[in-house]
Chemist: 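Here it is, the structure, as structure tokens.
Letters go in sequence order (proteins before strands), and every chain restarts at 1. Fair warning: this is a prediction, and the values are worked out from it, not measured in the lab.
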There are 2 protein chains.
Amino acid sequence: MEEGTSKSLTHPEGTKAAAPADHDNDARQWDVREGCEVRQILDRVADKWSLLAIALLDRRVLRFTELRREIDGISQRMLTVTLRQLERDGLVRRTVHPVVPPRVDYELTPLGVTLHDTIQALVTWTEEHQTEIAAARAAYDERDTESGTP
Amino acid sequence: MEEGTSKSLTHPEGTKAAAPADHDNDARQWDVREGCEVRQILDRVADKWSLLAIALLDRRVLRFTELRREIDGISQRMLTVTLRQLERDGLVRRTVHPVVPPRVDYELTPLGVTLHDTIQALVTWTEEHQTEIAAARAAYDERDTESGTP
DNA sequence: CAGTATCCCCAGTGATACTG
DNA sequence: CAGTATCACTGGGGATACTG
């Protein structure tokens with residue numbers, strides 16, 4: 001369960017992590033390289049299950065099984081792993097009730113809520129532009145097809 | 001290169017894709033399931049290399065090799081694949097100059113620029129909250145450590 | 001220079017079984 | 001109910017070699 005040791009990434013980028021090829025521009029100063037903090041979060045957001053979990057937990061308190069049921073395509077293992085990651089990042093709060101049978105509640109932390117909010121912007125962008133993207137893909141595939149079958 | 005056929009997903013979610021357990025809330029109506037359009041885009045954004053490429057191409061026109069040099073950790077193969085995906089989605093424009101030696105320019109399309117802009121918000125969020133997240137992780141790992149070595 | 005084609009590996013994920 | 005432990009498999013991605 002330890003990953004803080006940076007395990008085996010693609011390759012050791014080492015020290016130049018904060019020294020891009022150029023920095024005379026105001027954009028692309030993101031520094032979104034693998035080792036970066038930004039990348040860590042982005043990877044979380046990127047994660048299929050994390051995103052679903054955050055979406056489902058928005059303004060709700062759910063139990064393990066409830067989440068499992070709602071996401072439903074997810075396996076026990078992945079739900080656990082996902083929840084643990086989110087908990088570790090302080091995005092989700094896990095509350096164990098010392099009762100029998102066991103009851104564990106999951107909910108977004110305030111930080112998690114702000115992330116949800118930000119992601120919402122991205123989702124909105126997608127919804128607003130999905131037509132354009134679909135068109136672009138169609139055009140691309142079209143080109144591909146016509147050159148393949150003259 | 002075909003994914004419109006939905007290949008072999010986790011399992012057939014079927015018809016209830018648009019019917020969550022409840023829908024009396026205004027949030028979580030995202031519908032970010034695997035098959036969804038939103039997920040397709042999110043996956044693109046999520047992609048490590050795509051993100052870097054978009055970042056690097058912001059307000060610039062770069063050649064294949066230039067991109068390769070700037071991303072540097074990337075392999076030829078992945079740069080090609082990434083660029084093709086972005087091109088297909090209409091986010092990046094590929095211009096082939098019929099000269100010798102060959103010259104191909106890459107640049108963001110207007111659509112790509114708007115995506116960059118949106119992603120920027122997410123990156124900003126990350127930068128603003130990375131301290132909190134780091135703290136959360138430290139706290140989590142701390143708990144983990146102290147219970148592991150009493 | 002700008003790719004395409006191949007081979008290969010291993011990290012992430014699902015399936016299954018066991019436990020407090 | 002809410003996990004943890006194990007195993008097995010798949011495909012995403014790197015390394016390498018070849019081409020227009």
Chemist: Round to the nearest Å and state the distance from A:Leu79 atom CG to D:dT4 atom P.
Modeler: 11 Å
Chemist: For a quick test of reading the model: is some side-chain N or O of A:Arg84 closer than 4.0 Å to OP1 or OP2 of D:dG3?
Modeler: yes
Chemist: Would the number of heavy atoms belonging to other residues, nucleotides or ligands and lying under 6.0 Å from CZ of A:Arg93 be above 12?
Modeler: no
Chemist: Rounding to an integer number of Å, can you tell me how far A:Glu87 CD sits from D:dA2 P?
Modeler: 14 Å
Chemist: In plain terms, say whether A:Lys48 and B:Asp43 are close enough for a salt bridge, that is, a side-chain N and a carboxylate O under 4.0 Å apart.
Modeler: no
Chemist: Name the residue closer to the 5' end of DNA chain C, choosing between A:Ser75 and B:Thr80 according to the nucleotide with the nearest heavy atom.
Modeler: B:Thr80
Chemist: Taking CD1 from A:Ile71 and P from C:dT13, how many angstroms apart are they, rounded to a whole number?
Modeler: 13 Å
Chemist: Whole angstroms only, please: what is the CE-P distance between B:Met78 and C:dC9?
Modeler: 19 Å
Chemist: Could you state the atom-to-atom distance from CD of B:Gln85 to P of D:dG13 in whole Å?
Modeler: 8 Å
Chemist: What nucleic acid atoms does A:Arg63 come within less than 4.0 Å of, heavy atoms only: base, sugar-phosphate, or nothing?
Modeler: sugar-phosphate
Chemist: Applying a 4.0 Å non-hydrogen cut-off, can you work out what A:Thr65 is touching in the nucleic acid: base, sugar-phosphate, or nothing?
Modeler: sugar-phosphate
Chemist: Any idea which of D:dT4, C:dG14, D:dG14 is nearest the A:Trp49 side chain?
Modeler: C:dG14
Chemist: Of all heavy-atom pairs between A:Glu132 and A:His129, which one has the smallest distance, and what is that distance?
Modeler: OE2-ND1, 2.7 Å
Chemist: Please state whether the phosphate of C:dG3, meaning OP1 or OP2, lies under 4.0 angstrom from any side-chain nitrogen or oxygen of B:Tyr106.
Modeler: yes
Chemist: Let me know the distance between CD of B:Gln76 and C1' of D:dG13, rounded to the nearest Å.
Modeler: 14 Å
Chemist: Using a strict 4.0 Å threshold on nitrogen-to-oxygen distance, state whether A:Arg143 and A:Asp141 make a salt bridge.
Modeler: no
Chemist: 5'-most contact on DNA chain D: A:Arg103 or A:Arg77, nearest heavy atom basis?
Modeler: A:Arg103
Chemist: Can you identify which nucleotide, out of D:dA2, D:dG14, D:dG3, has its nearest atom closest to the A:Pro102 side chain?
Modeler: D:dA2
Chemist: Rounded to whole Å, how long is the line connecting atom CD1 of B:Ile74 with atom C1' of D:dG14?
Modeler: 11 Å
Chemist: Rounded off to whole Å, could you give me the CZ-to-C1' distance for the A:Arg94 and D:dG3 pair?
Modeler: 8 Å
